[in-house]
Amino acid sequence: MKAVYPDSRGRYGEFGGKFVPETIMFALEDLEKGFKEAIENPGFMEELQHELTDYSGRPTPLTYAGKLSRRVGGASIYLKREDLNHTGAHKINNAIGQALLAKRMDKKKIIAETGAGQHGVAAATAASRYGLECKVYMGEEDIRRQALNVFRMKLLGAEVIPVSSGTKTLKDATNEAIRQWVASVDDTFYMIGSAVGPHPYPKIVKEFQSVIGYEAKAQFAQIKDGRMPDKVVACVGGGSNAIGMFSAFVEEDVSLVGVEAGGKGLLTGLHAATMANGTAGVIHGSMTYLLQSQDGQIQEPYSISAGLDYPGVGPEHAFLKSTERVRYENITDHEALEALNLLCREEGILCALESAHAVAQALKEASSMKSGENIIVCLSGRGDKDVHTLFEKQKEDAAHGE
Amino acid sequence: MGNRIKEFQQKKSPLFVPFITAGDPSPDITVDLAIALQKAGADALELGIPYSDPLADGPVIQRASKRALENDMTLEKAMVLVSDMRGAGLTIPVIIFTYYNLLLQLGEQKFFELAAQHEIDGLLVPDMPFEESKDLQASCSDHDLSLISLAAPTTSEGRLKEIGESSQGFLYCISSLGVTGARTSFASGIDRFLNDARAASSVPVLIGFGLSSREQMQQFEEKCDGFIVGSTIVSKIEELGPDLLREDKQREALQTFSDFLAALVPLKVYS
């Protein structure tokens, strides 16, 4: 019989688990129970489906990128359009799911961590919709870099709490959110933003993101007479859009490719390629691959895309790498920017910098595949949030005479 | 379990276990501070290993971690430092307080070798709950080390029983929800929690998190076997840090530290 993951200890092989202070163990147990009851309850699933449809605008389309495909030659490229979700990215799928779960578990307050602010905005949005009080922890450095998203969260009624510990970025915001959860665990729901953290979070986030994969699979089958794509590509930071997308294909004969941020190149040390360069360890309550020093101090990653800028990765991805079910590649800032530009010019779609990493990898894959073969790329979000970064980058490059 | 821990368990209550961060303000001064703590009446020492992401710790210990990391402190170096403490006359048990990732990267085998070599008595891993710790607990027993378990006010009755039954050295009861750091109020139902913990455990039950004065400790004296005090002491070390590092002021600063401890350490009850 095939083993079921995660096991009862929340392990995916050697990865996952619950490495947290004793004080929040009861909350993880509660959450596990609450989650199980919710997804087995037809009423809950119906409400979730209803909200995804009527509020977030699902199903998102599967778009054939014909011009782009012809330009690279080889396989045909299809885009799963998570960028067309309410709030502009896949993050809302999880935020709606967890907010409804919080409500069902009778919690009135939610806390969330955010790096670039996408999950923060999604959490604030869902909190507003379902009448929950929302606090978002965000590193001071990220608050400075992402002023507009901070403003959006505040508009939505959330409180944004600056985090000044450590390197003042996502990993520290996550530490601080966990610390605050420990302090207020009796009445607060921690809404984690990616498929990371202690069990059962990776499982919960995957469940709420699996809609990406199931929709894509059904949509592709419908236009291709019940066939499967040959390959599915998604970007991986913590890995929530990828795990949601892969979930529908992992048991099928479809090759799966996860794409990490190669930053300025692996040799420079400035990257977020956890799978390529990381080693096994514990971060944010979970055993997984992470970027760390030889003694075990966690290192700060780098990527032009704030959403991929995370020193760990979801434990199920670590497992899928160890079993070689998924191939993980990395794409540099430069390659991602080129892909973003190409997608703009060929298809009129401005995608998020995160998603551009997946697009760049898909272009490489497609050109070495046969005509008649098909790739689905998860276009995890739209690029409006990145316009400022792109603008600055262009000015910088012009100044350097590139 | 080693002899130093056995002696510790038989000492008069209340037992007093201070926490300091290895390498703060410098590795050498950590040795002096340990000796000062023993002189002031410490029954065991919790030696904290600095970590980049200490998610169970409040701002005071986070800052101490940062200072110690700037001094290049590591788990291995901290363990070696214990030999220096022994050389300087430290006889009380030393318990290494480390986040799991540091232990994992050093390797358990290497950890046990170093522990034996440097006369270390116990281990506490704040981000390793009971369920994850069974294997480690067994290997600690094999190497005569005590793995200190933690229980929280939120720990369910069933778990508390299991944790209590398997606890080694002493049982660390967390006084309140939240991270380490001084505080003025404790979890409601704390008395009952301590009672249940004592009933469940065959080793001394100590309370920690947020204790910052002798008076505060006195209110729990009847309900537990001792106290763990961290942030208050680490905060004093932070304040004295610059002077502790200056040769001309060091003696005076160590004296100030000892005076501070004399007013903090609970008096032994003679009954």
Side-chain angles (χ1 to χ4, degrees), chain A residues 8-11 14 16-30 163-167 170-188 197-199 279-288 290-300 311-312, chain B residues 49-59 62-63 65-66 69 72-78 98-107 125-134 149-160 163 172-181 183 187-188 209:
Chain A
S8 59
R9 289 161 69 209
R11 293 294 189 120
E14 63 177 304
K18 298 182 207 179
F19 295 92
V20 294
E22 173 64 26
T23 309
I24 50 177
M25 284 301 284
F26 92 97
L28 293 176
E29 281 166 18
D30 253 17
V163 174
S164 61
S165 58
T167 48
L170 176 59
K171 84 174 173 73
D172 306 289
T174 308
N175 289 334
E176 205 53 38
I178 294 173
R179 289 186 187 114
Q180 293 306 320
W181 192 37
V182 174
S184 57
V185 66
D186 38 5
D187 67 349
T188 301
H199 177 69
T279 47
V282 169
I283 182 170
H284 298 139
S286 183
M287 178 84 69
T288 184
L290 61 138
L291 298 173
Q292 57 183 331
S293 71
Q294 210 164 13
D295 321 318
Q297 307 295 346
I298 296 171
Q299 289 170 332
E300 193 60 20
Chain B
I49 313 302
Y51 183 46
S52 56
D53 294 71
L55 56 73
D57 284 303
Q62 286 175 39
R63 288 198 300 271
S65 252
K66 203 166 163 232
L69 285 175
D72 295 322
M73 186 46 65
T74 64
L75 173 55
E76 181 168 355
K77 286 183 190 170
T98 180
Y99 285 88
Y100 186 48
N101 196 45
L102 303 178
L103 178 62
L104 202 60
Q105 303 313 319
L106 179 68
V125 187
D127 56 348
M128 188 180 229
F130 178 67
E131 285 78 354
E132 296 286 356
S133 69
K134 283 179 187 147
S149 306
L150 292 112
T154 52
T155 302
S156 68
E157 217 174 298
R159 277 171 63 84
L160 184 58
I163 293 171
Y172 189 140
C173 287
I174 298 169
S175 70
S176 28
L177 305 187
V179 292
T180 57
R183 44 170 64 77
S188 58
F209 274 42

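In what follows, chains are A, B, ... by sequence order, proteins preceding strands, each numbered from 1.
No side-chain heavy atom of B:Leu102 sits under 4.5 Å from any side-chain heavy atom of B:Leu106. A heavy-atom distance below 4.5 Å is not found between the side chains of A:Gln297 and B:Gln105. Using a 4.5 Å heavy-atom threshold, the side chains of B:Asn101 and A:Leu290 count as touching. Taking the side chain as every heavy atom from C-beta outward, B:Leu150 and B:Ile174 approach each other to under 4.5 Å. Counting only heavy atoms from C-beta outward, the side chains of A:Lys18 and B:Glu131 never approach each other to under 4.5 Å. Considering only heavy atoms from C-beta on, B:Leu55 stays 4.5 Å or farther from A:Trp181 through its side chain.
Heavy-atom distances place both the backbone and the side chain of B:Tyr51 under 4.5 Å from chain A. There is no contact between B:Leu103 and chain A, counting heavy-atom distances below 4.5 Å. Neither the backbone nor the side chain of B:Leu75 comes within less than 4.5 Å of any heavy atom in chain A. Interface remark: A:Ile178 contributes side-chain atoms only to the contact with chain B (heavy atom separation under 4.5 Å). Interface remark: B:Arg63 contributes no atoms to any contact with chain A (heavy atom separation under 4.5 Å). Proximity to chain A (any heavy atom under 4.5 Å) is shown, for B:Thr155, by both the backbone and the side chain. There is no contact between A:Gln299 and chain B, counting heavy-atom distances below 4.5 Å. For chain A, the nearby parts of B:Pro54 are the backbone and the side chain; heavy atoms of each come within less than 4.5 Å. Heavy atoms closer than 4.5 Å to chain B are found in the backbone of A:Ala280, but not in its side chain. For B:Leu104, the part sitting under 4.5 Å from any heavy atom of chain A is the side chain, from C-beta outward, and nothing else.
Side-chain atoms of A:Gln292 and A:Thr279 include a donor-acceptor pair closer than 3.5 Å.
Each of B:Pro50, B:Ala152, B:Ala56, B:Ser52 has some count of heavy-atom pairs under 4.5 Å with chain A, and the biggest count is that of B:Ser52.
Closest approach of A:Ile298 and A:Val282 over heavy atoms only: CD1-O, 4.2 Å.
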